[in-house]
Amino acid sequence: MPKAILLVIPVFFMSFFAVENVAYAMHITEGILPPTWVFIWFAVSLPFVGIGTYHVKQKKRKIPGYLPLVGMLGAAVFVFSCFPIPVIALNGMATSHPCGTGMSAVLLGPFVSVLVAAIALLIQALFLAHGGLTTLGGNIFSMGILGSFSGYFAFKVAQRCRLPLFWSGFLAGMVSDLFTYLGTSIELGLLVIEKGGSFFKATAEIFGVFMMTSQGILCVVEGIVVGFVLVFVYKRRPNILLNLGIIKNDTKPLQQ
Amino acid sequence: MVILQVRNIQYRYHDGTFALRGVSLDIHKGEFLAILGPNGSGKTTLLKHLNGLLKPVGGEILLEQKSFTQYTSREIFQKVGIVFQDPNDQLFAPSVWEDVAFGPMNLGLSKSEIAHRVDEALSLVGMKPYANKTVDALSFGQKKRVCIAGVLAMRPAILVLDEPTCGLDPAGVTSIMMLLRELNSKHGITIIMATNMVDLVPVYMDRLAIMYQGNILRVGTPEEVFSNAAEIKYACLELPQIAQLMQVLRDEECLPLDTLPLTIGEAKKFLVSRLNGNRSGTASSLIV
Amino acid sequence: MVILQVRNIQYRYHDGTFALRGVSLDIHKGEFLAILGPNGSGKTTLLKHLNGLLKPVGGEILLEQKSFTQYTSREIFQKVGIVFQDPNDQLFAPSVWEDVAFGPMNLGLSKSEIAHRVDEALSLVGMKPYANKTVDALSFGQKKRVCIAGVLAMRPAILVLDEPTCGLDPAGVTSIMMLLRELNSKHGITIIMATNMVDLVPVYMDRLAIMYQGNILRVGTPEEVFSNAAEIKYACLELPQIAQLMQVLRDEECLPLDTLPLTIGEAKKFLVSRLNGNRSGTASSLIV
Amino acid sequence: MEFLHHTFSDVYARQNNWLTRVDVRVKLFYAISLLSINLWAKNMFIPLLFLSASFILLFSIKIPPMAILRSMLLPVLFAMLILLVKGLHEGEKVWLSFPILGYKVVLKEEGLHSGLHIGSKVLGGISLVITFSFTTTISRLCAALKWFHVPNTIIELLAFMYRYIFLLLDEVSTMWTAQKSRLGHASWKKTIQSLGTLGGLLVMRAFDRAERTYEAMHVRGYEGGGILTVNLSPWRKGEYASFIGMVLILPMLVYTGNIHAW
Ligand SMILES: Nc1ncnc2c1ncn2[C@@H]1O[C@H](COP(=O)(O)OP(=O)(O)OP(=O)(O)O)[C@@H](O)[C@H]1O
Ligand SMILES: Nc1ncnc2c1ncn2[C@@H]1O[C@H](COP(=O)(O)OP(=O)(O)OP(=O)(O)O)[C@@H](O)[C@H]1O
Ligand SMILES: [Mg+2]
Ligand SMILES: [Mg+2]
């Protein structure tokens with residue numbers, strides 16, 4: 001049976017590409033999650049959003065310019081997530097879209113990044129019909145929380161290991177992307193529990209499908225792009241990265 | 001010879017804005033064409049069509065008598081170079097040299113050929129001494145010049161510029177315009193330029209097109225177009241200052257004028273002949 | 001009466017750029033002052049000092065004879081309103097009404113007072129019908145007007161504008177300038193405006209200051225300042241078109257001129273008198 | 001500029017029609033409670049009812065069908081995917097089986113059944129969301145959120161981000177075209193590199209713009225306080241009427257939703 005899935009589902013994803021709209025396939029659409037899970041995911045996500053809000057609120061009191069900065073970088077990350085990234089996939093060249101959470105986690109820190117992701121998801125749900133209002137909690141969990149924290153820690157660990165800036169950015173982008181898809185897969189996989197299915201098998205299958213279609217390569221490509229972004233800013237305006245506290249004075253931009 | 005022919009093109013942005021409503025325009029080889037029009041009339045949209053960055057929803061564009069569809073986009077980009085308004089949108093590389101090399105490098109040229117082209121382009125715009133500067137250290141006008149060099153390095157036959165003088169000081173405007181005139185007359189590059197500065201048009205351009213609400217209202221030489229003051233006003237434009245002065249003299253003081261002088265030189269000639277003529281016969285100097 | 005006195009201020013950016021090198025300037029109550037100068041001469045930097053946004057590293061600024069240090073920054077912001085060049089940087093609220101209300105709200109006014117001021121400011125700039133529009137739905141010139149309204153709603157005595165006409169079409173330029181002139185003459189608001197458009201200066205402004213490399217080169221009425229053509233040229237500026245024409249007539253054709261006419265009106269008056277005068281006695285019309 | 005095709009605009013929400021004039025709080029109440037009913041519904045009737053009702057509403061204010069279909073496209077594909085997965089996975093009774101490339105594909109009745117059910121919920125839910133968003137501008141939404149006591153910081157960020165997304169999209173698309181016209185997207189490798197540059201420029205832009213915007217806010221008295229000024233007017237007759245109307249309809253819908261049926 002799994003074999004059949006592996007065959008049929010990619011065909012479906014291809015039809016996604018056929019309309020060039022796989023953009024936000026990592027968001028769970030309105031109506032898919034049953035009520036219980038809607039509540040659970042909202043319950044999980046709200047504290048993180050709350051902490052992020054608190055962070056911003058505290059900080060804007062001290063630094064009034066912080067709010068426009070977060071808003072503007074948030075908008076920039078949103079626009080970044082609209083970039084059409086060409087990837088090589090099962091069906092040849094296709095374009096997909098980065099999540100952007102890795103980058104926002106690096107730029108803004110994990111909690112604020114969750115808040116920004118939550119707002120971005122709300123905007124997408126309302127004005128693009130990508131994702132949904134009742135599934136907002138679930139999507140915040142996978143893209144916001146898992147994406148931000150995994151990306152942030154990947155970046156910090158890489159910096160601690162004195163990896164060059166490019167590779168730190170690469171890891172942040174790639175890891176956060178992987179975790180976002182993993183999160184979505186888990187959420188979908190959990191749905192089969194009540195029907196007596198095997199959670200791990202379903203999750204692994206869905207995750208496998210994500211990875212097999214363009215999204216697997218997308219993770220790597222998003223990593224590369226985030227790496228390039230950081231190096232570019234470092235070369236042109238290192239002060240920006242220093243002011244945001246992303247790098248210390250001794251960071252190397254690229255392996256020499 | 002018509003090098004670029006725009007045939008009844010229409011364009012609609014995805015939000016429904018009908019930005020071009022059937023624009024037709026012939027661009028002659030080697031001319032310097034100005035595109036004027038109020039804000040939002042579709043100048044930028046039209047320019048983006050001229051090198052295939054936007055695809056019209058109706059109509060077509062011919063480059064050297066062949067439809068754009070018969071070229072690859074790379075061929076078009078190579079023949080038609082475009083410079084946008086804000087230089088900060090276009091300088092991608094950390095240093096001047098690298099930025100100008102961006103285009104030639106993407107053409108897949110050899111290293112020595114790239115270096116040659118970059119040097120050539122930089123000297124054309126007079127920025128050779130700055131080759132190793134970082135882009136952020138340049139002034140606004142200098143950035144503008146580097147942008148133009150970046151396009152020239154691809155050796156285009158046609159150069160398209162969107163408001164190249166906006167935000168520059170008067171000396172900077174003159175310097176950019178002189179540069180363009182030189183590229184146009186000495187190097188034979190066809191230039192199409194959108195602008196809001198009517199005073200420049202009669203001085204530098206051969207022809208101008210006036211856009212209004214996604215249409216071309218009028219095309220012609222500055223003399224032809226500016227002779228219709230009502231139309232100019234309708235299109236939210238103004239006559240050049242000199243023309244305004246002469247118009248006032250004509251209308252309020254009944255000075256007989258067949259054609260409105262548009263530039264300082266023309267106005268001078270006319271006024272001198274009038275002033276001298278009035279002194280019936282005394283064709284000498286004006287000193288009284 | 002001097003309302004704002006700039007005394008020998010200096011300013012240096014973080015990166016070491018010495019942007020102001022001892023600027024002194026008296027601004028009179030109710031005047032309309034232009035600040036001209038080449039790109040990078042420090043116009044924007046000076047304007048940002050005029051309401052305390054930047055603090056000079058040397059020298060001081062007096063507002064109504066009292067040093068800036070004796071005011072709170074809120075008091076200064078209330079008296080001196082500033083409008084920057086790019087309206088998109090300044091309109092951050094979702095709707096026009098909210099954006100204009102932002103200033104009064106931060107002043108801690110009552111709701112009804114806020115509403116009153118917003119309505120007043122919007123009608124001053126002629127944007128009342130747009131109160132509920134989204135900011136994105138406005139044209140460039142309209143955005144500019146909303147920016148001005150946002151500052152007017154704080155009822156400043158002094159209005160500072162950085163290149164308010166850049167990027168507008170000629171009709172838009174005229175409309176903004178007429179608005180400013182009305183605010184200046186009817187409502188008695190002192191206006192200081194940086195600009196690159198020399199043609200506007202003699203028509204609208206009482207005085208102008210020319211900046212060059214962080215210094216003020218010259219201050220005076222347009223007649224005074226533009227009479228020194230060499231200095232204008234040195235400061236990368238140009239004479240207004242009309243003045244250029246008259247200058248050419250004077251220098252090349254030896255037309256006797258005490259002062260250079262700068263505006264169309266002045267030039268007309270002069271030319272008419274010359275043309276008529278030459279016909280010795282026939283003071284009637286010019287029809288030949 | 002292909003990537004702008006996925007972007008959006010609120011042109012429809014800015015129009016003036018009877019749905020945009022409805023008080024945003026009422027709309028939000030409706031949207032949330034209908035979405036919950038949709039979620040709990042045990043039959044396909046309720047979601048499909050919502051779907052058709054939404055379409056009728058949207059047509060009544062002359063939204064072009066293409067615009068609706070465009071927004072529904074992705075969710076519909078998602079729904080079909082779910083249908084397929086369920087059909088392959090759940091249940092015993094074989095509904096259809098056929099071979100593809102040597103694999104035997106078996107679709108089962110129970111799975112298709114529940115897949116259809118979920119699919120209908122997707123359609124119903126999305127159509128409700130679209131109806132809300134096509135008739136509500138962001139500034140109204142912000143005001144409503146404020147009325148519901150959502151923290152100010154979140155609303156401010158929402159308004160701020162929404163405002164500047166459009167602007168940055170415009171700027172980025174100009175840079176993108178500038179890159180393209182100098183062949184920056186000639187090969188895959190160059191495209192990736194150019195995208196990195198584009199992202200870098202974007203971050204630099206955002207940083208500078210944030211600074212300038214802060215200056216502009218600062219000179220108008222901003223010291224870290226609130227940004228939004230609009231407060232909604234208290235409820236008027238119309239709002240009470242629609243609210244009571246909802247209270248009356250809701251139990252009926254809840255009841256209908258609880259019927260176990262197809
Ligand atoms: N990306 C876009 N999406 C939607 N509408 C757009 C976009 N860009 C421009 N427009 C609209 O298309 C029309 C033409 O715009 P365009 O930028 O071509 O005008 P323009 O003549 O260049 O104006 P300006 O003098 O201000 O540069 C305008 O109504 C504008 O609002
Ligand atoms: N934020 C900054 N950091 C460092 N240097 C700066 C900054 N802003 C301006 N400068 C420098 O200070 C000088 C004066 O700049 P300013 O912006 O005041 O000039 P301007 O007269 O307004 O020019 P323009 O006509 O181009 O607007 C310039 O040399 C400029 O490069
Ligand atoms: Mg334009
Ligand atoms: Mg300036």
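Labels below follow one simple rule: chain letters A, B, ... track the order of the sequence lines, proteins then strands, and each chain is numbered from 1. As the structure is a prediction and not an experimental result, all values here were calculated from the model. Values reported hereafter were calculated over all heavy atoms of this structure, with side chains retained and with hydrogens, waters and symmetry mates removed.
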With a 4.5 Å cut-off on heavy-atom pairs, point out which of [options] contacts chain B the most.
options: C:Ser175, C:Ser139, C:Pro38; value: C:Pro38
options: C:Glu163, C:Lys233, C:Gln244, C:Gln85; value: C:Gln244
options: C:Pro240, C:Gly167, C:Cys166; value: C:Gly167

Top contributor to chain C contacts, counting heavy-atom pairs under 4.5 Å, from B:Ala267, B:Pro170, B:Ala171
B:Pro170

Identify which of B:Gln241, B:Glu252, B:Glu238 forms the greatest number of heavy-atom pairs closer than 4.5 Å to chain C.
B:Gln241

Tell me, yes or no, whether the heavy-atom count around C:Arg250 atom CZ, taken from other residues, nucleotides or ligands under 6.0 Å, exceeds 12.
yes

Does a sphere of radius 6.0 Å around OH in B:Tyr130 hold more than 12 heavy atoms from other residues, nucleotides or ligands, not counting ones at 6.0 Å or beyond?
no

Honestly, the part of C:Asn39 sitting under 4.5 Å from a heavy atom of chain B is both

What part of C:Thr174 gets closer than 4.5 Å to chain B, counting heavy atoms only: side chain, backbone, both or neither?
side chain

Shortest non-hydrogen contact from B:Val248 toward C:Lys268
CG1-CD, 3.1 Å

Using a 3.5 Å distance criterion without hydrogens, assess whether the side chain of C:Asp169 forms a donor-acceptor pair with backbone atoms of B:Met197.
no

Could you walk me through whether B:Leu168 and C:Asn196 pass the side-chain contact (heavy atoms from CB on, under 4.5 Å) test, one step at a time?
CA-CA 7 Å; B:Leu168 284 174; C:Asn196 276 320; over 6 Å; no

Trace of the side-chain contact (heavy atoms from CB on, under 4.5 Å) decision for C:Leu245 with B:Leu271:
CA-CA 10 Å; C:Leu245 171 66; B:Leu271 286 173; 4.2 Å; yes

